Amino acid sequence: MRVVHVILTGGVGSRLWPLSRRQSPKQYLDLFAGKSLFEMTIERNRFITDNVIIVGNRDNTHLSHKAMVKCGLSYTNIVEATPRNTAAAIAFAALSVNPDDVLIVTPSDHMIVGEEDYGTAMRQGIEKAKKGFIVTFGIKPTRPETGYGYIEYDDDQVTSFREKPNLDTAEDFLERGNFLWNSGMFCFQASVFLEELRNFEPLVFQKAEQAWLASNKGVLDESLSLEIPSISVDYAVMERSKKIRVVPTEFSWSDLGSYEALYDYLISEGYPKDDNGNIVIGTEIFTGFVGLKNTIFVYTKDAFLLVQKEKSQDVKKIYNMLEKHQSKLLD
């Protein structure tokens, strides 16, 4: 039995435009002392796991390879011909290993601080997975966050999964104390996951298996892939299985999905700001702010962005507008 790290590399980080683009998504940007979120994800799991499987789209393959060479690790590559969401992506990885192998599934674009606590949580998850459970990792909330899903729990039992709440509900979750942020990280034996997927979403299982069996050196066929229903692992398995267990974690975590989250992380690491909390990303050219507070100025070669920290979720609106006009600024 091996412990295998499955790293999911899909997504373009649209709320971090213009830093994050289709050709250089946020997980590959060297924003963190010369390292990317992808590299940091690989490194924090390298001493816990025996092998690495990367599941990503064909546009990201060269970026993943470059990062893996930098990390000095070998890996197995699964190349999706077209995005079919996380249930299928994880199924491909589970189909590619031995049935009793334990998979630790993580996104490639999250920031985690507290390596020792992370290792402790993963080892707890592995032990539960060996007993036939599907494990999710919950983050103890530090604020009433409306951008994350929540897990209601009692000891290691999951009572319910909750969608992203409004502010009043998030404040209630925080006050009640038995809710965790849903980290999107999982641990299970390959055979257990595939059995549950077959039970709850037989068409996803069947079509994913067909696509995997017809794959060529890990590269999936597009026509077969298009037949796979696009559904998240949360809806397909996590919210329906009776085998779910949760590990409440102690490490600091952020999905860095917005400039507000990136701002908070950078400031915590001593990143320079002016007297009104304004920061500049992407250039050393002097930038003056007049009448602005907690504003983030982002400089790239072909686009500038000015965003107030508290409004950072609205960057997605600019991305959607550019996408509607098929702008090359997204590439």
Side-chain angles (χ1 to χ4, degrees), residues 7-32 36-38 40-41 55-64 67 80-86 89 107-111 145-149 163-167 170 181-184 230-232 234-235 253-267 271 277-283 287 289 292-331:
I7 183 166
L8 307 178
T9 66
V12 296
S14 57
R15 288 175 294 168
L16 286 182
W17 181 89
L19 288 179
S20 186
R21 311 283 186 103
R22 288 171 181 155
Q23 302 301 321
S24 55
K26 70 169 180 174
Q27 59 266 32
Y28 300 105
L29 300 175
D30 293 336
L31 292 175
F32 310 97
S36 67
L37 292 170
F38 180 98
M40 295 165 77
T41 303
V55 186
N57 62 56
R58 50 193 172 191
D59 294 334
N60 287 0
T61 299
H62 67 292
L63 297 171
S64 295
E80 295 182 291
T82 183
R84 303 317 291 162
N85 218 314
T86 51
S108 58
D109 57 356
H110 291 182
M111 174 60 69
E145 174 62 57
T146 60
Y148 300 152
E163 295 297 315
K164 297 174 182 178
N166 59 32
L167 183 58
W181 290 334
N182 189 346
S183 71
S230 178
I231 183 170
S232 75
D234 290 322
Y235 290 130
W253 171 91
S254 171
D255 71 349
L256 287 189
S258 68
Y259 278 108
E260 180 172 15
L262 180 59
Y263 177 102
D264 287 342
Y265 172 76
L266 292 174
I267 295 303
Y271 196 84
N278 302 304
I279 70 170
V280 178
I281 299 174
T283 181
T287 306
F289 297 85
L292 298 173
K293 290 185 178 181
N294 298 330
T295 298
I296 304 156
F297 174 67
V298 183
Y299 176 100
T300 68
K301 66 181 186 299
D302 57 358
F304 301 153
L305 175 72
L306 279 161
V307 57
Q308 198 164 22
K309 176 189 172 186
E310 293 78 11
K311 298 290 186 180
S312 62
Q313 296 288 341
D314 292 341
V315 173
K316 184 74 179 283
K317 294 178 182 177
I318 296 178
Y319 187 95
N320 291 341
M321 179 269 292
L322 293 170
E323 190 172 44
K324 181 179 178 182
H325 290 92
Q326 300 180 324
S327 173
K328 291 183 179 180
L329 290 172
L330 299 184
D331 295 329

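Predicted model, so just to flag it, every value in this text is computed and none were measured.
When every heavy atom of Leu63 is checked against every heavy atom of Ser24, the shortest pair comes out as CD1-CA, 4.4 Å. The shortest heavy-atom contact between Asn60 and Pro25 is OD1-CG, 3.9 Å. Nearest approach of Gly56 to Thr9, heavy atoms of both residues: CA-OG1, 3.1 Å. The two atoms that bring Pro107 and Ser183 nearest to each other are CG-O, 4.4 Å, heavy atoms only. Of all heavy-atom pairs spanning Phe38 and Ser64, the tightest one is CE1-OG, 3.8 Å. The two atoms that bring Lys26 and Leu37 nearest to each other are O-CD1, 4.2 Å, heavy atoms only.
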Pair Leu256-Phe32, side chain to side chain contact (heavy atoms under 4.5 Å, CB included): steps then yes or no: CA-CA 12 Å; Leu256 287 189; Phe32 310 97; 3.6 Å; yes

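Around atom CD of Gln326, no more than 12 heavy atoms belonging to other residues, nucleotides or ligands sit under 6.0 Å away. The number of heavy-atom neighbours closer than 6.0 Å to OH of Tyr235, taken from other residues, nucleotides and ligands shown, is 12 or below.
Checked against the 6.0 Å centroid criterion, the rings of Tyr319 and Trp17 do not qualify as a close aromatic pair.
Tested against Val298 for a side-chain contact (heavy atoms from CB on, under 4.5 Å), the candidates Leu16, Ile279, Leu19, Leu262 yield a single pass: Leu19. For the salt bridge (Lys or Arg N to Asp or Glu O under 4.0 Å) test with Arg21, the passing option among Asp302, Asp331, Asp59 is Asp302; the others fail. Screening Asp314, Asn294, Val315 for a side-chain contact (heavy atoms from CB on, under 4.5 Å) with Val307, the sole residue that qualifies is Val315.
Residues Thr295 and Leu306 form a side-chain contact, since some pair of their non-hydrogen atoms from C-beta on lies under 4.5 Å apart. Put simply, the side chain of Tyr148 reaches to within 4.5 Å of the side chain of Ser254, judged on heavy atoms.
Taking CD of Glu80 as the reference point, atom CG of Asn85 lies at 9.5 Å (rounded to 0.5 Å). In this structure, Thr86 OG1 and Asp234 CG are separated by 6.5 Å, a value rounded to the nearest 0.5 Å. To the nearest 0.5 angstrom, Lys311 atom NZ is 13.5 Å from Ser258 atom OG. Annotation: the span from His110 atom NE2 to Met40 atom CE amounts to 13.0 Å, rounded to 0.5 Å. One distance of note links CG of Leu31 with OH of Tyr28; it measures 14.5 Å at 0.5 Å rounding. Rounding to the nearest 0.5 Å places CG of Asp109 at 10.5 Å from CG of Leu29.
The backbone N or O of Leu330 sits nowhere less than 3.5 Å from a side-chain atom of Ser327 that would complete a donor-acceptor pair. Here the side chain of Tyr271 pairs no donor or acceptor atom with the backbone of Asp264 at under 3.5 angstrom. Ser108 places a side-chain N or O within donor-acceptor distance of the main-chain N or O of Leu8, the cut-off being under 3.5 Å.
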